[in-house]
Amino acid sequence: MRGATAKFSSYHLAVALRREPDPAAALRLFLSPTAATVASSPSSAPPFRYSLRCYDIIVCKLAAARLFPAMESVLAQIPASLRPREPLLCRVISAYGRARLPAAARRAFAHPAFPAPRTARALNTLLHALLACRTPLPDILSECRGSGIPPDACTYNILMRAAVAEPGSVENACLLFDEMRQRGIAPTVVTFGTLVAAFCEAGRLEDAFKVKEVMSLQYNIRPNAHVYASLMKALCEKGKVDDAHRLKEEMVRNSEPLVDSGAYATLARALFRVGRKGEVVGLLEEMKGRGITVGREVYNAMIAGFCENEGDMDAAFAALDDMQKGGCKPDAVSYNTLVGGLCKMGRWRDASELVEDMPRRGCPPDVVTYRRLFDGVCDAGAFDEATKVFDEMVFQGFAPSKDGVRKFVGWIEREGDAALLESMLCQLASVNALEASEWEKAISSVLHDPAEQNIVKLLDNSRLA
DNA sequence: GTAGGGTTAG
């Protein structure tokens with residue numbers, strides 16, 4: 001019976017943790033579960049053992065919320081006997097990747113809470129995290145080779161993606177493709193999708209189409225929606241909207257039964273750009289007729305079209321409504337586009353209100369949201385508001401755009417507010433966004449100020465970080 | 001949430 005109670009408690013904690021949307025509240029629950037789960041019980045916690053499930057849930061929640069110190073302390077508490085598994089480790093690694101903390105991602109890969117050995121899956125997660133942190137290809141390669149873990153197709157796909165991310169080197173991606181084949185690792189549809197995207201991005205459309213041919217003729221792998229989407233986007237960028245339209249027809253004829261709406265989004269966006277928005281309605285009807293769900297990207301493409309090409313914010317918000325009515329939850333891209341559109345129209349107060357409302361709408365602002373709002377508010381010369389936005393974004397761990405910083409610094413200098421300048425530089429350093437040029441300005445303008453010594457101290461701190 | 005594209009920016 002005692003055993004049953006223990007299981008019962010741990011099970012209910014897991015349910016409660018899963019249900020709690022606020023990560024900080026989830027952590028409190030995790031630390032003193034009885035206070036919330038068993039209202040009638042005495043305050044002292046019954047010593048039931050946490051299941052691995054409970055650790056899984058709380059670690060994932062803390063990772064997603066970037067509450068890393070708390071996450072690490074929970075990880076350190078997991079009893080070795082529970083043997084936490086690699087998927088959880090992967091969540092931790094990729095959370096550090098998303099937070100752009102490469103050193104932390106590397107440390108996590110070797111985290112003592114997770115029993116050795118590591119498989120390619122953990123290695124691939126680490127490589128992908130390093131890629132997200134814009135680690136140079138040679139460093140990613142040496143991480144890979146040094147691990148001693150045999151690479152698989154996924155590893156090579158990530159390495160190829162990293163190669164393409166370097167200043168225009170499709171060649172390195174091709175070399176990796178050759179190496180992959182020499183090692184007897186079969187390329188997948190993802191490999192070819194990566195190559196096609198790489199050639200498209202380099203503007204080498206003929207080569208991209210050649211890859212499409214090779215994959216089907218020599219490897220007997222049919223191009224999927226990803227491949228078509230890349231090609232269609234590249235065609236649209238060259239102004240060949242009608243060719244893209246024809247390619248879409250081929251996709252619908254030849255591709256897997258599951259065609260998603262991504263390629264349609266490209267087309268819709270392109271039609272707005274060339275002033276043919278009237279054709280978008282037909283596109284939507286075509287999708288419905290073919291049983292293709294109108295996805296988030298299509299709505300986002302329309303929102304962007306109304307904001308940027310039409311300057312019609314009412315239509316943009318109407319598209320947002322349609323999106324929600326269509327059972328599609330707006331994401332950060334939807335809101336960021338609207339925030340940008342409002343700012344462009346000089347309506348930064350509305351933009352600011354929308355941003356404040358985002359958490360309530362289930363979509364917390366991201367780095368792009370804050371950058372667009374900050375830039376917009378600075379452009380409008382509303383520097384008191386800019387100070388607020390700046391504080392908030394830095395508090396959330398996001399760095400402003402260089403452009404915004406330049407305008408903001410210019411204003412502070414005109415005001416001659418050395419103290420504000422110092423605190424701003426300090427905050428920039430805290431999000432690793434301090435550039436040499438800012439230092440020079442700061443030092444020249446604050447040199448005769450008593451705060452000078454603090455600046456020097458600041459410099460040392462930032463070198464440490 | 002191990003990998004590729006499509007919708008925002010840079």
Side-chain angles (χ1 to χ4, degrees), chain A residues 60 63-64 86-95 97-98 118-129 131-132 134 149 151-162 164 173 187-198 200-201 208 211 215 223-234 236 244 248 251 259-270 272 294-305 307-308 316 319 323 328 330-341 343-344 366-376 399-404:
Chain A
C60 287
E86 213 173 41
L88 181 63
L89 173 64
C90 290
R91 301 285 284 263
V92 171
I93 295 170
S94 56
R98 275 195 303 276
R118 302 285 182 257
T119 71
R121 186 167 169 174
L123 173 66
N124 294 343
T125 308
L126 175 63
L127 299 181
H128 189 245
L131 168 61
R134 303 205 174 92
I149 298 168
D152 59 11
C154 182
T155 314
Y156 273 99
N157 294 340
I158 295 166
L159 292 176
M160 285 167 64
R161 189 71 197 75
V164 176
T188 68
V189 68
V190 176
T191 316
F192 290 111
T194 307
L195 273 180
V196 168
C200 285
E201 211 172 311
V211 172
M215 68 185 283
N224 62 7
H226 289 251
V227 172
Y228 280 106
S230 296
L231 293 168
M232 285 171 59
K233 186 187 182 188
C236 287
K248 183 214 66 190
M251 170 180 83
V259 172
D260 66 39
S261 66
Y264 282 86
T266 308
L267 214 46
R269 190 70 189 87
F272 268 101
V294 179
R296 183 176 294 152
E297 312 79 8
V298 178
Y299 287 110
N300 284 344
M302 291 195 293
I303 293 172
C307 285
E308 283 170 23
M323 182 174 190
C328 195
D331 65 358
V333 176
S334 327
Y335 290 113
N336 294 347
T337 309
L338 290 165
V339 168
C343 286
K344 209 168 140 196
D366 67 6
V367 62
V368 179
T369 320
Y370 283 112
R371 284 185 178 180
R372 295 191 131 197
L373 182 62
F374 185 65
D375 289 358
S401 70
K402 288 193 206 325
D403 207 40

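Here is how names work: the chains are called A, B, and so on, in the same order as the sequence lines, proteins then strands, and each is numbered from 1.
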Value in whole Å for how far the P atom of B:dT8 lies from CG of A:Asp403: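 Between P of B:dT8 and CG of A:Asp403: 19 Å.
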Nearest-angstrom distance from the residue atom CE of A:Met323 to C1' of B:dT8: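 So the two atoms are 12 Å apart, to the nearest Å.
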Contact letters for nucleotides 2-7 of chain B, in which S counts primed atoms plus P, OP1 and OP2 and B counts the base, heavy atoms under 4.0 Å: BBBBBB
Sugar-phosphate only, base, or nothing, as touched by A:Arg134 at under 4.0 Å among non-hydrogen atoms: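 Counting heavy atoms under 4.0 Å across all strands, the contact made by A:Arg134 includes a base.
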All side chain to side chain contact (heavy atoms under 4.5 Å, CB included) counterparts of A:Asp403, not counting sequence neighbours: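 A:Asp403 satisfies side chain to side chain contact (heavy atoms under 4.5 Å, CB included) with A:Ser401, A:Arg406, A:Lys407 only.
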Partner residues of A:Arg134 under the side chain to side chain contact (heavy atoms under 4.5 Å, CB included) criterion, sequence neighbours left out: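 Here no residue qualifies.
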Set of residues satisfying ring pair (Phe, Tyr, Trp, His ring centres under 6.0 Å) with respect to A:Phe192, sequence neighbours excluded: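 In terms of ring pair (Phe, Tyr, Trp, His ring centres under 6.0 Å), with neighbours along the sequence ignored, A:Phe192 is linked to A:Phe177, A:Tyr219.
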Non-neighbouring partners of A:Lys344 that pass salt bridge (charged side-chain N to carboxylate O under 4.0 Å, His left out), sequence neighbours left out: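 Partners of A:Lys344 under the salt bridge (charged side-chain N to carboxylate O under 4.0 Å, His left out) test: none.
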Show me the donor-acceptor pairs within less than 3.5 Å that the side chains of residues 297-304 of chain A make with the rest of the protein, sequence neighbours left out.
{"residue": "A:Glu297", "atom": "OE1", "partner": "A:Ser261", "partner atom": "OG", "Å": "3.4"}
{"residue": "A:Asn300", "atom": "OD1", "partner": "A:Ser334", "partner atom": "OG", "Å": "2.7"}
{"residue": "A:Asn300", "atom": "ND2", "partner": "A:Asp331", "partner atom": "OD1", "Å": "3.2"}

